[in-house]
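Read through the structure below, which is laid out as structure tokens, and then see the notes.
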Number of protein chains: 8
Amino acid sequence: MKIGIIMGSDSDLPEMKKCCDVLDKFDMEYEIVVSSAHRLPHNTGKWAETAHDKGIEVIIAAAGMAAALPGVVAAHTHLPVIGVPLTSKALDGVDALYSIVQMPPGVPVATVAINGSRNAAHLAMQILGVKHPTIAEKVKTHRAQMAAEGLEKNERLQKVGVEVYLKEKN
Amino acid sequence: MKIGIIMGSDSDLPEMKKCCDVLDKFDMEYEIVVSSAHRLPHNTGKWAETAHDKGIEVIIAAAGMAAALPGVVAAHTHLPVIGVPLTSKALDGVDALYSIVQMPPGVPVATVAINGSRNAAHLAMQILGVKHPTIAEKVKTHRAQMAAEGLEKNERLQKVGVEVYLKEKN
Amino acid sequence: MKIGIIMGSDSDLPEMKKCCDVLDKFDMEYEIVVSSAHRLPHNTGKWAETAHDKGIEVIIAAAGMAAALPGVVAAHTHLPVIGVPLTSKALDGVDALYSIVQMPPGVPVATVAINGSRNAAHLAMQILGVKHPTIAEKVKTHRAQMAAEGLEKNERLQKVGVEVYLKEKN
Amino acid sequence: MKIGIIMGSDSDLPEMKKCCDVLDKFDMEYEIVVSSAHRLPHNTGKWAETAHDKGIEVIIAAAGMAAALPGVVAAHTHLPVIGVPLTSKALDGVDALYSIVQMPPGVPVATVAINGSRNAAHLAMQILGVKHPTIAEKVKTHRAQMAAEGLEKNERLQKVGVEVYLKEKN
Amino acid sequence: MKIGIIMGSDSDLPEMKKCCDVLDKFDMEYEIVVSSAHRLPHNTGKWAETAHDKGIEVIIAAAGMAAALPGVVAAHTHLPVIGVPLTSKALDGVDALYSIVQMPPGVPVATVAINGSRNAAHLAMQILGVKHPTIAEKVKTHRAQMAAEGLEKNERLQKVGVEVYLKEKN
Amino acid sequence: MKIGIIMGSDSDLPEMKKCCDVLDKFDMEYEIVVSSAHRLPHNTGKWAETAHDKGIEVIIAAAGMAAALPGVVAAHTHLPVIGVPLTSKALDGVDALYSIVQMPPGVPVATVAINGSRNAAHLAMQILGVKHPTIAEKVKTHRAQMAAEGLEKNERLQKVGVEVYLKEKN
Amino acid sequence: MKIGIIMGSDSDLPEMKKCCDVLDKFDMEYEIVVSSAHRLPHNTGKWAETAHDKGIEVIIAAAGMAAALPGVVAAHTHLPVIGVPLTSKALDGVDALYSIVQMPPGVPVATVAINGSRNAAHLAMQILGVKHPTIAEKVKTHRAQMAAEGLEKNERLQKVGVEVYLKEKN
Amino acid sequence: MKIGIIMGSDSDLPEMKKCCDVLDKFDMEYEIVVSSAHRLPHNTGKWAETAHDKGIEVIIAAAGMAAALPGVVAAHTHLPVIGVPLTSKALDGVDALYSIVQMPPGVPVATVAINGSRNAAHLAMQILGVKHPTIAEKVKTHRAQMAAEGLEKNERLQKVGVEVYLKEKN
């Protein structure tokens with residue numbers, strides 16, 4: 001059981017590092033490759049086609065601009081593919097969002113927020129949690145931690161007030 | 001094993017019927033409810049919280065406008081939630097798309113295309129296919145059928161030419 | 001009589017501090033909490049439901065991205081809810097604006113400008129002014145002050161000219 | 001106690017009729033006028049300035065295109081002003097939304113959805129409910145009715161299924 | 001010497017018929033196929049890779065929504081690829097435009113207007129005209145015809161006036 | 001004969017200084033005031049109404065966000081009003097552009113580019129040139145100067161080449 | 001003294017007819033031609049260059065899509081040029097709006113609303129009114145008529161109420 | 001055989017330098033000029049008209065804002081014209097994209113990505129490759145190099161892992 005991560009360019013790596021960090025925290029094994037849909041179409045297609053045989057159960061694909069990568073990967077596998085639209089110099093990521101989310105019937109991509117690399121990891125964990133109860137437990141634990149942290153923050157805010165809270169944060 | 005479908009208004013039903021039709025074709029069991037995040041928040045939250053215990057493994061949530069439903073459902077369950085942004089009278093569905101896809105870290109929604117109700121079904125099948133090999137087989141079979149139909153269409157086009165093809169289609 | 005302020009994340013606090021500053025200037029009591037619609041749905045719902053009993057008469061809710069918070073709060077109370085869409089890294093706040101303003105019939109959110117936290121305070125004062133004549137007087141006084149300041153600025157501009165005015169400002 | 005409704009053109013009346021219908025249902029008195037910010041600036045300003053003296057407690061202002069009306073009305077009164085952006089032939093109402101919601105500090109407009117005339121009425125009721133407990137009760141009753149209707153719809157859907165439900169609706 | 005036309009779905013054929021009509025007018029040979037980038041990735045890639053060997057000198061690729069087809073075709077050939085973004089039910093073709101035009105460095109797509117299928121034909125002719133002087137002549141002749149027709153229309157307008165001209169047109 | 005310049009806030013002055021600089025270069029007299037449509041509606045209306053009597057022949061009105069100022073000024077005068085949409089923190093000036101350009105029939109605003117304060121000056125000169133031949137001459141002279149400068153730049157580029165030209169520029 | 005109207009295609013004539021109708025009402029002489037910036041560049045440039053000599057004092061230029069016409073006309077004359085962005089099949093006129101309003105420094109186009117052909121006429125009248133007092137009087141008279149009609153409409157609405165008013169209108 | 005590059009302003013030169021760099025790498029001769037469609041219309045038109053006679057086979061035209069240049073150049077030549085939309089201070093290049101890509105039937109512009117100056121060079125090479133087999137070879141070689149570099153990057157990533165790779169890159 002592992003997750004496959006693919007991105008279109010190594011300039012996407014700083015953003016996708018956050019995805020890896022989340023998976024590391026969950027002790028989830030993953031394979032991460034860089035392979036462009038436009039510059040390495042055969043390599044990309046082959047990686048997607050062989051992903052299942054290598055034990056990959058969910059794929060995360062990230063790309064910017066005319067972000068064909070998630071859709072192309074989805075075209076080559078029956079595994080669920082999570083798409084991460086990335087911002088580039090112009091258009092603020094809307095180009096990547098539309099290129100990823102607007103897939104035609106039959107070949108969906110599970111799209112997360114623009115630069116939502118961390119949520120791609122969380123969504124992958126939830127999908128794996130359908131099959132693996134231990135992962136579902138991890139998701140639930142993480143949810144409880146997030147909730148606890150949120151409550152703590154609010155308690156601190158109530159205790160010290162806005163000005164002190166803002167000073168402590170900076 | 002079943003899929004839960006929730007939509008914010010019964011005016012969403014004609015669109016979501018297409019989702020049901022896909023699931024019916026796959027002989028997949030599903031439960032479909034209408035419950036607004038804004039008009040029935042308790043009911044909606046409770047449905048999401050109890051979904052897993054009722055055997056639901058993946059949730060499809062559809063809504064238009066300030067489409068909070070998929071995110072609210074995701075907030076109440078560790079199951080993967082697929083969001084379907086629906087067009088309404090103004091803004092052509094961009095409002096719903098942004099309201100669904102731009103989820104904060106930790107609580108993702110797997111967003112499909114605007115009015116992409118059929119793809120929500122396909123994505124749910126792919127997610128269930130991770131766990132259930134028989135479903136993965138169905139996904140693969142469907143992919144093969146789509147491909148075969150595509151090839152057939154092209155063969156017909158090659159054979160009869162553009163004008164006859166268009167006449168036959170209408 | 002007080003105002004309730006809720007925001008989805010403590011990263012929203014620097015922006016909402018400006019809202020508090022306006023209310024402080026008006027000597028208006030307020031309660032400010034941080035509670036996410038997606039990470040703490042129960043806490044958030046309960047806060048909204050009990051707001052009225054704690055003497056809160058108007059609610060200000062601020063959030064960014066898929067900004068479900070104002071709508072979710074509105075779903076749990078009959079009090080008027082003012083929504084403040086916040087900018088985040090991508091999409092320049094349009095995502096939050098659409099997620100907040102496009103509410104379905106029956107559960108409105110009184111939306112102000114993107115990052116319009118100060119105007120949320122002013123609008124809350126105007127709403128309370130309907131009930132409390134002393135607050136209506138404060139709103140009118142503030143309007144007169146704004147007008148007087150505006151006239152003074154123009155008088156200075158007429159007196160010193162564009163170049164000197166710009167130097168004095170910097 | 002009454003609500004003032006102002007719109008920029010009598011072509012806005014079919015949309016604003018829905019606002020009146022909601023207020024009629026609540027037995028709420030209102031005054032409705034047509035007066036353009038651009039064609040009748042003095043008349044519009046005077047109406048806004050005298051609104052409070054005529055017993056108006058909340059104002060609803062609707063306009064399309066470069067929808068200056070709500071902001072201009074807000075500039076002439078300390079009463080809370082609810083703005084309704086209307087669609088016109090081009091731009092799908094985004095022009096009106098931006099023209100209404102993006103007010104500068106000190107003069108807010110409580111903006112509702114594009115063509116959200118019914119919600120303008122609901123929001124006005126909620127604002128009046130801060131002062132008038134009987135109106136707050138009406139709001140709560142309406143909320144309960146909406147919830148009950150929503151539950152009924154879902155019960156019917158559960159009972160008859162998707163196909164029959166859709167047939168009954170049409 | 002011929003032009004290759006590929007589209008993602010046979011629902012694109014009515015629009016692409018206009019492209020064929022222009023090429024027919026120029027007596028230009030073309031091959032037209034339907035093959036989806038997402039449903040028939042291998043077929044599509046192979047068609048693009050073998051295009052040059054079949055005598056195709058320029059490719060026109062048309063698609064809607066997450067319009068990966070032109071970019072995917074471009075990834076599989078060194079021939080110039082003209083992309084035609086098509087409108088679909090939502091987003092008015094902006095999704096297709098961004099998916100086609102925003103290609104990464106090294107793999108360009110020559111993008112024409114949304115639903116600009118006729119201009120795809122004209123652009124293909126201009127590109128072929130670089131190599132084939134007879135085609136360049138045809139382009140120049142067509143330009144001259146367009147100009148003559150434009151002048152004639154204006155002369156008619158000057159002669160009969162606006163009202164008669166409009167009547168004659170309808 | 002003079003030009004009236006009005007802006008909604010003194011924070012618009014750095015941008016409008018560029019407008020003044022153009023007018024100074026043309027030795028054109030102007031009056032520049034700061035007066036908000038929303039904070040000083042009466043003052044603004046009165047300034048517009050008395051502009052003609054003070055010898056103002058064209059008005060330039062600049063504002064950001066819900067930029068009602070140009071339209072409100074236009075509502076109070078029969079003089080031509082040039083509107084300058086300004087960028088603010090969010091929405092990149094699109095809000096101001098739509099608020100200014102989308103005026104209803106009968107009360108137009110002559111809109112220039114976002115932050116197009118210099119072009120507002122040029123347009124004002126062209127409008128005055130209709131009446132004053134000496135100003136028309138100045139416009140023509142400026143056009144010739146722009147053309148000459150453009151030609152010089154190109155000659156320099158041809159002479160020194162891209163690399164040297166870029167070094168000289170920095 | 002006359003106004004020049006130019007449009008890019010005779011398909012723009014139904015919209016520009018409304019512009020002519022306004023000018024006819026004002027008894028204003030005009031010359032109307034159809035000449036594309038892209039299909040008849042020389043003709044278009046020459047028309048613009050000779051406009052002044054033919055007694056044209058203001059130019060109205062209308063175009064859709066990549067609406068270069070108004071800017072190209074402005075490049076060939078020192079006369080003020082009013083640009084009318086027209087909607088076409090896709091993009092709802094935003095393409096034309098941006099193509100017309102975003103002119104570079106030195107060559108402005110006075111842009112009116114999308115499909116704002118009537119306002120182009122009104123703006124032309126206001127510009128001519130700077131020079132010709134009789135035209136300024138006509139503009140003032142028209143403003144007074146608009147105001148009177150607006151007041152009448154409101155009086156009728158007050159008298160007969162919403163329901164009767166709507167019936168009378170239809 | 002050479003390529004003609006034209007840009008609207010010398011402020012576009014830093015971006016277009018990247019286009020030149022690509023052509024230099026391919027040892028492709030080019031002529032680069034700066035000539036605005038709006039400030040130097042005759043010069044620009046003449047350059048386009050004489051381009052073919054000077055041995056230019058493909059034209060690259062770059063401009064920002066109301067980017068008429070590529071279309072105007074296309075209007076004056078039968079050569080294929082590649083358009084490069086450039087970002088300016090506001091609107092993030094969408095204005096230039098729409099102004100360039102939305103050309104009317106008969107006069108296409110082959111549009112590349114916003115700030116896609118490098119791809120303009122690659123597309124020009126592909127177009128020339130239709131005629132010149134040696135250039136087609138160069139394009140194929142460059143494609144192979146890009147692919148090889150992509151594979152190398154991935155091999156390095158597989159070898160050293162995410163953290164080391166990111167350190168090496170910075």
Side-chain angles (χ1 to χ4, degrees), chain A residues 7-12 34-49 61-78 81 83 85-111 114, chain E residues 7-12 34-49 61-78 81 83 85-111 114:
Chain A
M7 64 206 140
S9 159
D10 67 348
S11 63
D12 303 334
V34 54
S35 182
S36 164
H38 294 124
R39 292 181 199 136
L40 286 167
H42 287 286
N43 198 57
T44 299
K46 207 176 154 186
W47 182 83
E49 278 166 7
M65 298 182 73
L69 186 68
V72 163
V73 167
H76 286 274
T77 180
H78 67 282
V81 176
L86 300 177
T87 49
S88 49
K89 278 156 291 177
L91 287 177
D92 219 9
V94 175
D95 46 0
L97 173 59
Y98 289 174
S99 301
I100 293 175
V101 80
Q102 288 292 88
M103 290 293 288
V107 192
V109 168
T111 309
I114 297 172
Chain E
M7 64 204 140
S9 158
D10 67 348
S11 63
D12 304 334
V34 53
S35 183
S36 163
H38 294 123
R39 293 180 199 137
L40 284 168
H42 287 287
N43 196 58
T44 298
K46 206 176 156 188
W47 182 84
E49 278 165 5
M65 298 182 74
L69 185 68
V72 163
V73 167
H76 286 274
T77 182
H78 67 282
V81 176
L86 301 176
T87 48
S88 48
K89 278 156 287 176
L91 288 176
D92 218 9
V94 174
D95 46 359
L97 172 59
Y98 289 175
S99 302
I100 292 175
V101 80
Q102 289 292 89
M103 289 294 287
V107 192
V109 168
T111 309
I114 298 172

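Each chain gets a letter, A, B and so on, in the order the sequences are listed, and its residues count up from 1.
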Point to revise | Heavy-atom closest contact (E/Ala68 atom, A/Ala68 atom, distance) | key: CB-CB, 4.1 Å
Check your understanding: Can you tell if the side chain of A/His38 reaches within under 4.5 Å of the side chain of E/His76, non-hydrogen atoms only?
Key -> no
**Study point:** Contact leader toward chain A among E/Leu91, E/Val94, E/Val107, where contacts are heavy-atom pairs under 4.5 Å
**Key:** E/Leu91
Check your understanding: Do the side chains of A/Met65 and E/Met103 get nearer than 4.5 Å, heavy atoms only?
Key -> no
Check your understanding: A/Ala75 and E/Pro41: which non-hydrogen atoms are nearest, and at how many Å?
Key -> O-CG, 3.6 Å
Check your understanding: Roughly how far, to the nearest 0.5 Å, is the NE2 atom of E/His42 from the CD atom of A/Glu49?
Key -> 3.5 Å
Exercise for review: Tell me, for A/Pro105 versus chain E, whether the close heavy atoms (under 4.5 Å) come from the side chain, the backbone, both or neither.
Suggested key: both
Check your understanding: With only heavy atoms counted, which part of E/Ala74 is less than 4.5 Å from chain A, the side chain, the backbone, both or neither?
Key -> neither
Check your understanding: Going by the side chain to side chain donor-acceptor pair (under 3.5 Å) test, which pairs reach into residues 101-110 of chain E, not counting sequence neighbours?
Key -> A/Asp95-E/Gln102
Review point. When the ring planes of A/Tyr98 and E/Tyr98 are compared, do they come out parallel, tilted or perpendicular, using 30° and 60° as the limits?
Key: parallel
